[in-house]
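Data block below; observations after.
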Amino acid sequence: MLDIRLIRAEPEKVRAGLEKRGENGAVVDELLRMDEERRARLTELENLKAEQNRLGPQIAQTKKSGGDASALLARSTEIKAAIREREDGVRESDAAQETLLLKLPNLPQQSVQPGGEDAAVILRPASYEPKPFAFEPKPHWDICTSLGLVDFERGSKISGAGFVLYTGLGARLERALISFMLDLHTETHGYTELSPPFVLSRESITASSHIVKFAPEMYHDSESDLFFVPTAEPAIVNVHRDEILEPGALPIKYVAYTPCWRREAGAAGRDTRGLQRIHQFDKVELFRYAFPETSDEALEEMTREGCAVLEALGLPYRIIKIAAGDMSFQGAMQYDIETWAPGTGKWFEVSSASNCTDFQARRGNIRFRREPGAKPEFPHLLNASGVALPRLLATLLETHQQEDGTVLVPERLRPYLGGRERLER
RNA sequence: GGAGAGGUGGCUGAGUGGUCGAAAGCGGCCGCCUGCUAAGCGGUUGUAGGAGUUUAAAUCCCUACCCCGGGUUCGAAUCCCGGCCUCUCCGCCA
């Protein structure tokens with residue numbers, strides 16, 4: 001959520017930021033107008049309350065000393081009615097403003113280029129160029145089937161299209177990758193591991209602002225009004241909701257594995273072959289609560305930490321700097337990491353790293369103190385996949401497949417697969 | 001799922017209709033004292049919104065907040081209703 005005071009103080013800056021994302025900047029004027037009216041109403045109401053508060057002790061004293069309080073009581077009754085009336089007005093103003101503010105995405109940072117998907121900038125590290133194959137590499141769905149790693153048909157039988165059943169070594173490979181990544185991030189990158197609930201309350205999903213744009217994507221249990229996590233991010237945002245973090249607490253680094261459920265409402269039929277886009281997938285998520293002044297660095301680090309997974313597994317990747325109009329709702333700056341799937345012949349997005357600045361912190365009322373007694377400030381919240389699994393598993397199989405149909409296991413992963421050097425039937 | 005108890009400031013914990021933003025203690029901060037990893041003494045100590053002042057900040061002023069939301073009342077931490085959460089017992093269960 002954007003700060004109404006920022007909008008008040010620097011409307012042009014906000015307007016420019018929104019327009020950079022391709023949003024209509026005119027909302028700024030509407031907000032300013034609404035805000036002015038809201039404050040006028042609020043002041044009027046508060047003045048009435050002040051008078052009523054002054055009347056209270058007078059009435060008590062008059063009554064105690066046996067005097068006639070009827071005039072005071074009459075006035076107080078009058079004020080009571082006036083307060084009731086104006087309270088509705090203020091409530092209305094508050095709600096209208098909040099509704100509008102909730103719909104506004106975060107402002108892009110200075111360094112983010114304007115434009116949409118076409119304006120993405122590709123940063124390609126030379127040492128991780130895709131390697132040529134001496135034979136025709138197979139797509140992962142063929143490898144999965146021939147090695148018995150994934151049973152696509154039975155997955156659909158159990159839960160419908162877009163759900164998969166990992167079997168045997170496939171299930172173990174999934175588990176191995178999760179463990180490997182969690183260990184890497186906790187032991188090498190200094191993250192604290194969390195295992196949060198996989199369903200979230202409406203309150204939580206609102207604080208993380210996923211409710212706004214993500215709602216149609218989320219599976220939802222209407223009986224208990226709980227949402228299946230679409231990513232661990234909203235769960236971790238809410239860990240410190242409504243808290244003031246004490247001096248020394250920052251930076252906080254959390255890593256969590258969760259399954260992720262997405263209806264993929266708008267994307268049915270697109271890139272659905274194999275493991276590219278499924279309704280339930282596993283993901284290891286990196287998350288940081290950072291000092292505002294160092295959050296840019298933190299984003300760079302987190303992106304590198306995502307890449308470290310791919311490097312350790314010998315997978316080619318590239319980093320995409322996302323343009324303003326293509327960023328996630330809460331992001332102010334975003335990198336995507338893509339890894340090459342030689343069999344499918346495509347780059348797969350396996351990570352998205354965002355600096356959400358103070359956008360989520362404000363919404364979730366998460367603050368920190370620099371020094372004991374210092375004024376609370378909003379930390380910057382960042383998230384990065386580290387990384388998403390089914391696509392990782394897919395590119396791993398496609399990249400390390402051999403001409404004989406087996407798949408070579410990267411050395412770093414072998415301890416997690418009982419020492420296996422090779423996946424074979 | 002059934003029965004009971006309870007949710008007060010960073011923590012412990014008093015407070016059952018007005019003088020309560022809330023006693024007391026602990027902790028924190030500031031100062032004094034003291035030569036010893038301490039104790040003592042004094043003071044201070046929440047958050048948010050708004051108005052106004054100001055170059056700006058601080059101070060000052062108003063409002064709100066004693067789990068959340070309604071209600072009763074001239075007036076609610078205190079009474080009533082609903083919700084959420086915690087604890088205990090029973091039931092059920094991985």
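Every chain is numbered from 1, with letters handed out A, B, ... down the list of sequences.
A heavy-atom distance below 4.5 Å is found between the side chains of A:P259 and A:F198.
Whole-Å rounding puts the A:K49 NZ to B:G75 P distance at 12 Å. We find that CG of A:D94 is positioned 15 Å from P of B:A64, with the value rounded to whole Å. Across the protein-nucleic acid pair, A:R41 atom CZ and B:A51 atom C1' stand 18 Å apart, rounded to whole Å. Taking atom CZ of A:F368 as the reference point, atom C1' of B:G10 lies 18 Å away to the nearest angstrom. Rounding to whole angstrom units, CZ of residue A:R75 and C1' of B:U73 are separated by 18 Å. Following rounding to the nearest Å, A:Q61 (CD) and B:G75 (C1') show an atom-to-atom distance of 15 Å. As rounded to whole Å, 11 Å separates atom P of B:G52 from atom CG of A:N47. Rounded to an integer number of Å, the gap from A:L48 CG to B:A51 P is 16 Å.
Comparing B:A48 with B:C93, their P atoms sit 50 Å apart, to the nearest whole Å. Nucleotides B:G10 and B:G46 are separated by 9 Å at their C1' atoms, to the nearest Å. For B:U47 and B:U53, the C1' atoms lie 23 Å apart once the distance is rounded to whole Å. As rounded to the nearest Å, B:U63 and B:A51 have C1' atoms that lie 10 Å from one another. Taking the C1' atom of each, B:A77 and B:G7 are spaced 12 Å apart, rounded to whole Å. Here the separation of B:G18 from B:C80, taken at their P atoms, is 16 Å to the nearest Å. For the C1' atom pair drawn from B:A3 and B:A64, the interatomic distance equals 38 Å after rounding to whole Å. Rounded to whole Å, the C1' atom of B:C33 lies 15 Å from the corresponding atom of B:G43.
Pair check for B:U88 finds B:A3; Watson-Crick or G-U wobble, both atom distances under 3.5 Å. Nucleotide B:A38: unpaired (no Watson-Crick or G-U wobble partner with both distances less than 3.5 Å). Pair assignment for B:G9 gives none, since no Watson-Crick or G-U wobble pairing has each distance under 3.5 Å. With a cut-off of 3.5 Å on both Watson-Crick or G-U wobble distances, the partner of B:U73 is given as none. Shown here, B:G46 forms a base pair with B:C65; the pair counts as Watson-Crick or G-U wobble because both key distances fall under 3.5 Å. Across all strands shown, B:A23 forms no Watson-Crick or G-U wobble pair with both distances under 3.5 Å. Across all strands shown, B:U54 has no partner, as no Watson-Crick or G-U wobble contact with both distances under 3.5 Å is found.
Relative to the side chain of A:L42, the nucleotides B:U47, B:G49, B:G75 differ in distance, and B:G49 lies closest. Residue A:I59 has its side chain nearest to B:G18 when only B:C62, B:U47, B:G18 are considered. Among the nucleotides B:U73, B:G18, B:U47, the one closest to any side-chain atom of A:I244 is B:U47.
If you check distances only, the side chain of A:E246 never reaches the base of B:G10 with a donor-acceptor pair under 3.5 Å.
Position along RNA chain B of the nearest nucleotide to A:R367 versus A:L72 favours A:R367 as the more 5'-ward residue. Mapping A:A60 and A:I4 onto RNA chain B via the closest heavy atom, the residue that lands nearer the 5' end is A:A60.
Counting only residues at least two apart or in different chains, salt bridge (charged side-chain N to carboxylate O under 4.0 Å, His left out) contacts with residues 299-310 of chain A comprise A:R288-A:E301, A:R288-A:E305. Identified under the salt bridge (charged side-chain N to carboxylate O under 4.0 Å, His left out) test for residues 143-162 of chain A, with sequence neighbours left out: A:D151-A:R154.
No hydrogens or angles considered: nothing links the side chains of A:S351 and A:D336 as a donor-acceptor pair under 3.5 Å. No donor-acceptor contact under 3.5 angstrom links the side chains of A:H380 and A:D296, judged on distance only. There is a side-chain donor-acceptor pair under 3.5 Å between A:Y317 and A:E311. Using modelled atom types, one finds no donor on one side chain facing an acceptor on the other under 3.5 Å when comparing A:E51 with A:N53.
In this structure, A:R39 does not reach the B:G49 phosphate: none of its side-chain N or O atoms is under 4.0 Å from OP1 or OP2. In this model, the phosphate group of B:A64 is approached by a side-chain N or O of A:N53 to a distance below 4.0 Å at OP1 or OP2. OP1 or OP2 of B:U72 sits under 4.0 Å from a side-chain N or O of A:R84. Note on A:R38: every side-chain N or O is 4.0 Å or more away from OP1 and OP2 of B:G49. Taking 4.0 angstrom as the limit, A:R5 places a side-chain polar atom (N or O) nearer than this to OP1 or OP2 of B:G49.
Within 6.0 Å of the CD atom in A:Q61, the count of heavy atoms belonging to other residues, nucleotides or ligands does not exceed 12.
A:E10 has no carboxylate O lying under 4.0 Å from a charged side-chain N of A:R5, or vice versa, which leaves the two without a salt bridge.
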Under 4.0 Å protein heavy-atom contact, by nucleotide of nucleotides 76-85 of chain B - B base, S sugar-phosphate only: ----------

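When heavy atoms are screened at a 4.0 angstrom cut-off, A:R8 is found touching the sugar-phosphate backbone but no base atom. Using a 4.0 Å heavy-atom distance criterion, A:R369 is classed as a sugar-phosphate-only contact. Residue A:Q52 is classed as a sugar-phosphate contact, given heavy-atom separations below 4.0 Å to backbone atoms only.
Between the A:S146 side chain and the A:I143 main chain, a donor and an acceptor come within less than 3.5 Å of each other.
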